[in-house]
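Comments concern the structure below.
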Amino acid sequence: MMKTESLFLDTLFLLRKDECITIFTDLQEISKKEEEDAADYFESEFEKERLEFLSDQINCDSETAVWAAKIVYHSAQLYLIRKDTAKDLEKLIPQFKGKRDTSSILSADLSLRFLPQIISALQNADPEDSLVKMLENILTQFHYSGIGWDLDLEKINWEEELKDKTYRKLYLERIVEKKSYRLAEIPYINQLLMAEFGMYKDIFWKELKTITKENEPGNSI
């Protein structure tokens with residue numbers, strides 16, 4: 001694992017490599033240099049993951065990748081460090097202000113895929129924690145990273161959401177990976193999955209039902 005003089009960068013390397021995170025005794029300011037180094041790091045990580053979706057049309061949105069990394073880093077630190085932080089929550093966990101597209105969704109996912117575990121830990125510590133709602137709102141906006149987590153996605157137009165074929169492929173694959181019945185039983189997504197499975201449906205997901213108008217769930221999400 002790469003070692004740096006930056007707690008932020010070392011945390012990202014450890015998280016991406018071993019899926020664990022170090023919590024420090026106080027909140028550290030993230031410097032501009034650290035953000036620039038993190039952007040370079042995510043560019044290289046994105047290139048590695050690009051091999052899985054084989055598209056040269058989607059580039060890393062490094063600004064969004066760094067924003068997402070800071071969200072994950074700060075939310076993990078806030079699990080333990082809460083003294084005098086209430087007034088700074090919106091600064092530490094800022095809303096996304098960029099353009100939400102396939103590039104930003106996949107770039108944010110380099111870090112946000114680890115957010116559900118952090119939310120779970122925060123929820124277990126304090127179910128009323130206002131930070132949990134802030135993080136769930138972010139995960140609802142970037143719900144590709146939250147597949148398998150209980151999110152309110154009722155208002156999504158799935159045909160519009162999944163119109164990009166690369167994003168659609170990755171989204172379906174993660175639904176299968178996470179065995180997210182909530183998403184897989186949405187009629188439009190169910191139809192896509194069944195088309196992908198074809199005659200091998202029982203190999204991929206034997207227990208999943210084919211959803212028709214007759215057996216459509218009353219509340220899919």
Side-chain angles (χ1 to χ4, degrees), residues 8 11-21 38-39 41-53 55 58-79 92-123 131-158 160-184 186 189 192-193 221:
F8 176 54
T11 298
L12 297 182
F13 298 153
L14 185 65
L15 183 63
R16 296 270 312 157
K17 182 177 181 292
D18 297 328
E19 297 190 14
C20 59
I21 199 162
Y41 170 65
F42 284 122
E43 289 272 4
S44 65
E45 289 295 286
F46 192 89
E47 286 305 311
K48 293 176 189 174
E49 298 208 355
R50 189 203 295 276
L51 298 175
E52 296 182 18
F53 52 84
S55 172
I58 304 172
N59 296 312
C60 179
D61 181 342
S62 57
E63 186 176 345
T64 298
V66 172
W67 165 81
K70 291 168 71 176
I71 294 292
V72 169
Y73 175 75
H74 284 141
S75 60
Q77 304 311 313
L78 287 165
Y79 175 70
L92 295 169
I93 311 293
Q95 294 183 8
F96 178 65
K97 296 178 180 175
K99 179 184 177 183
R100 186 183 178 277
D101 55 19
T102 301
S103 174
S104 63
I105 289 167
L106 299 183
S107 300
D109 181 62
L110 294 169
S111 295
L112 290 188
R113 67 184 63 167
F114 303 108
L115 194 56
Q117 296 97 306
I118 296 172
I119 295 175
S120 180
L122 288 164
Q123 240 176 8
L131 176 59
V132 169
K133 184 61 178 175
M134 293 174 72
L135 297 176
E136 284 187 331
N137 287 341
I138 288 172
L139 209 54
T140 298
Q141 190 175 12
F142 289 88
H143 50 84
Y144 172 61
S145 300
I147 292 174
W149 190 255
D150 186 9
L151 297 171
D152 180 7
L153 305 177
E154 285 187 0
K155 296 179 180 178
I156 291 179
N157 178 332
W158 288 104
E160 178 66 22
E161 175 70 21
L162 301 177
K163 64 183 180 182
D164 181 275
K165 64 180 182 180
T166 299
Y167 178 47
R168 181 169 65 243
K169 172 181 177 292
L170 293 171
Y171 205 99
L172 295 178
E173 287 175 352
R174 190 166 289 185
I175 288 174
V176 175
E177 175 194 344
K178 299 288 187 179
K179 290 292 186 286
S180 175
Y181 283 91
R182 281 175 163 270
L183 289 172
I186 292 171
I189 293 178
L192 292 175
L193 285 171
I221 294 294

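In this text, all values refer to a predicted model and were calculated from it rather than measured experimentally. Just the heavy atoms: all of them, side chains too, but no hydrogens, waters or symmetry mates, feed the values below.
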Aromatic centroids of Phe53 and Tyr167 separated by under 6.0 Å: no

Between Tyr171 and His143, ring centroids under 6.0 Å: yes

Note: Asp61-Arg100 ion pair, threshold 4.0 Å (strictly below): no

Salt bridge flag under 4.0 Å for residues Glu49 and Arg113: yes

Between [X] and [Y], is there a donor-acceptor pair closer than 3.5 Å when you use the side chain of the first and the backbone of the second?
X: Arg174; Y: Ile147; value: no
X: His74; Y: Leu92; value: yes
X: Lys169; Y: Thr166; value: no

Atom CD of Glu177 with >12 non-hydrogen neighbours under 6.0 angstrom: yes

Heavy-atom neighbours of Lys165 NZ exceed 12 at 6.0 Å: no

Closest non-hydrogen atom pair between [X] and [Y], with its separation:
X: Ala65; Y: Ser111; answer: O-OG, 4.4 Å
X: Ile71; Y: Leu112; answer: CG2-CD2, 4.4 Å
X: Leu139; Y: Pro116; answer: CD2-CG, 3.8 Å
X: Ile175; Y: Ala184; answer: CG2-CB, 3.9 Å
X: Ala108; Y: Thr64; answer: CB-CG2, 3.8 Å
X: Ala69; Y: Leu12; answer: CB-CD2, 3.7 Å

Residues in salt bridge (charged side-chain N to carboxylate O under 4.0 Å, His left out) with [X], at least two apart?
X: Glu63; result: none
X: Lys97; result: none
X: Glu45; result: Arg16, Lys48
X: Lys163; result: Glu160

Side chain to side chain contact (heavy atoms under 4.5 Å, CB included) evaluation trace for Phe13 with Asp18: CA-CA 8 Å; Phe13 298 153; Asp18 297 328; over 6 Å; no

Distance-only polar pair, side chains of Asp109 and Ser145, donor-acceptor under 3.5 Å: yes

Distance-only donor-acceptor check, side chains Ser104 and Asp101, under 3.5 Å: yes

Pairwise distance CZ(Phe42) to SG(Cys60) - rounded to 0.5 angstrom: 8.5 Å

Side chains of Tyr144 and Leu106 in contact at under 4.5 Å (non-hydrogen atoms): yes

Side-chain touch Asp152/Thr140, heavy atoms, less than 4.5 angstrom: no

Derivation of the side chain to side chain contact (heavy atoms under 4.5 Å, CB included) call for Leu153 and Ile186: CA-CA 11 Å; Leu153 305 177; Ile186 292 171; over 6 Å; no

Audit row: Glu47, Arg50, salt bridge (charged side-chain N to carboxylate O under 4.0 Å, His left out) steps and yes/no: CA-CA 5 Å; Glu47 286 305 311; Arg50 189 203 295 276; 2.7 Å; yes

From Leu78, Leu131, Val72, residue fulfilling side-chain contact (heavy atoms from CB on, under 4.5 Å) relative to Ile118: Val72

ring-ring contact (aromatic ring centres under 6.0 Å, His included) partners of Phe96, counting only residues at least two apart: Trp67, Phe142

Under the ring-ring contact (aromatic ring centres under 6.0 Å, His included) test, residues paired with Tyr73 that sit two or more places apart: Phe8

Candidate pair Glu43 and Phe46, rule side chain to side chain contact (heavy atoms under 4.5 Å, CB included), full reasoning: CA-CA 5 Å; Glu43 289 272 4; Phe46 192 89; 5.8 Å; no

